[in-house]
Amino acid sequence: VMEGRDVSVLNFISQQQESLDFISLKDLVKKFKDEEDEEWINSKWFGRALKRLGVIKKKRKVQGKTQIIIDFKKAKEKMKMFGIKEEEKKEVINL
């Protein structure tokens with residue numbers, strides 16, 4: 001079950017617009033929750049999933065809020081590792 005959710009997180013991250021700037025973890029969680037339609041997902045779980053997958057380059061706290069820089073290249077490599085091609089990405093969301 002966890003592997004399916006991890007694949008969903010990787011799929012979500014790889015679909016985001018690539019940026020070299022810090023991104024608010026809370027904003028990412030909100031977008032992911034909207035896409036997945038899962039109420040139990042929170043910032044703590046999402047942050048741990050990103051750490052477990054090894055796609056966080058840098059992490060910082062600004063005024064008590066976590067911001068991260070995502071390694072989009074590594075996320076795409078991991079998607080290949082799971083055997084998911086570009087055209088199959090949208091289907092993974094339904095896992």
Side-chain angles (χ1 to χ4, degrees):
V1 175
M2 186 60 71
E3 188 173 304
R5 296 215 195 306
D6 285 350
V7 173
S8 294
V9 170
L10 279 174
N11 184 33
F12 171 75
I13 293 299
S14 64
Q15 289 178 0
Q16 299 302 306
Q17 182 175 352
E18 293 188 26
S19 172
L20 298 175
D21 295 329
F22 281 94
I23 303 168
S24 170
L25 185 61
K26 189 175 181 177
D27 292 341
L28 282 176
V29 171
K30 187 175 179 184
K31 288 179 189 176
F32 185 70
K33 278 176 79 169
D34 291 343
E35 214 172 89
E36 288 294 311
D37 199 31
E38 296 281 349
E39 289 298 318
W40 61 269
I41 295 172
N42 58 31
S43 296
K44 190 173 189 176
W45 178 86
F46 195 77
R48 286 182 178 172
L50 293 176
K51 185 176 180 179
R52 181 174 54 248
L53 293 167
V55 295
I56 296 176
K57 275 187 180 178
K58 289 186 182 179
K59 184 176 174 181
R60 71 178 183 187
K61 284 202 174 198
V62 177
Q63 297 179 348
K65 298 187 177 163
T66 305
Q67 296 180 340
I68 57 173
I69 295 178
I70 296 174
D71 190 346
F72 290 98
K73 183 179 177 185
K74 190 179 253 187
K76 289 178 182 179
E77 287 173 7
K78 294 234 181 209
M79 287 295 288
K80 289 178 187 175
M81 183 181 76
F82 280 110
I84 298 169
K85 299 174 187 164
E86 294 292 323
E87 59 272 4
E88 295 174 351
K89 283 183 182 179
K90 301 230 183 238
E91 297 172 18
V92 170
I93 295 172
N94 298 325
L95 284 179

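Excluded from the calculations below are hydrogen atoms, water molecules and symmetry mates; all remaining heavy atoms, backbone and side chain alike, are included.
Scanning for side-chain hydrogen bond (donor to acceptor under 3.5 Å, both in side chains) contacts around Q16 gives an empty result, with sequence neighbours left out. Taking the side-chain contact (heavy atoms from CB on, under 4.5 Å) definition, one finds that K65 meets it with nothing, sequence neighbours left out. With sequence neighbours excluded, the residues satisfying side-chain contact (heavy atoms from CB on, under 4.5 Å) with E77 are K73. For E39, the salt bridge (charged side-chain N to carboxylate O under 4.0 Å, His left out) criterion is met by no residue, not counting sequence neighbours. Among residues two or more places apart in sequence or in another chain, the ring-ring contact (aromatic ring centres under 6.0 Å, His included) test is passed with F32 by F12, F46. Residues satisfying the side-chain contact (heavy atoms from CB on, under 4.5 Å) test with Q17, not counting sequence neighbours, are none. Applying the side-chain hydrogen bond (donor to acceptor under 3.5 Å, both in side chains) criterion to R60, with sequence neighbours excluded, gives Q67. Residues meeting the side-chain contact (heavy atoms from CB on, under 4.5 Å) test with A49, sequence neighbours left out: D6, V9, W45, R52.
Rounded to the nearest 0.5 Å, atoms NZ (K57) and NZ (K74) are 10.0 Å apart. Annotation: the span from E35 atom CD to S8 atom OG amounts to 9.0 Å, rounded to 0.5 Å. Atom-to-atom distance recorded for E18:CD and D71:CG is 9.5 Å, nearest 0.5 angstrom.
The hydrophobic cluster containing F22 also includes I69, under a criterion of side-chain heavy atoms closer than 4.5 Å among ILVMFWY residues, counted directly or through chains of members. Grouped by direct or indirect side-chain proximity (heavy atoms under 4.5 Å, Ile/Leu/Val/Met/Phe/Trp/Tyr only), L20 sits alone.
Results of the side-chain contact (heavy atoms from CB on, under 4.5 Å) test with K59 over L50, I68, L25 single out I68 as the only residue that passes.
No side-chain heavy atom of I13 sits less than 4.5 Å from a side-chain heavy atom of L53.
Residue pairs meeting the side-chain hydrogen bond (donor to acceptor under 3.5 Å, both in side chains) criterion with at least one member in residues 19-32, sequence neighbours excluded, do not occur.
Counting heavy atoms of neighbouring residues, nucleotides and ligands inside a 6.0 Å radius, atom CG of D37 does not exceed 12 of them.
Follow the hydrophobic side-chain contacts under 4.5 Å out from M81 and you reach F72 in the same cluster.
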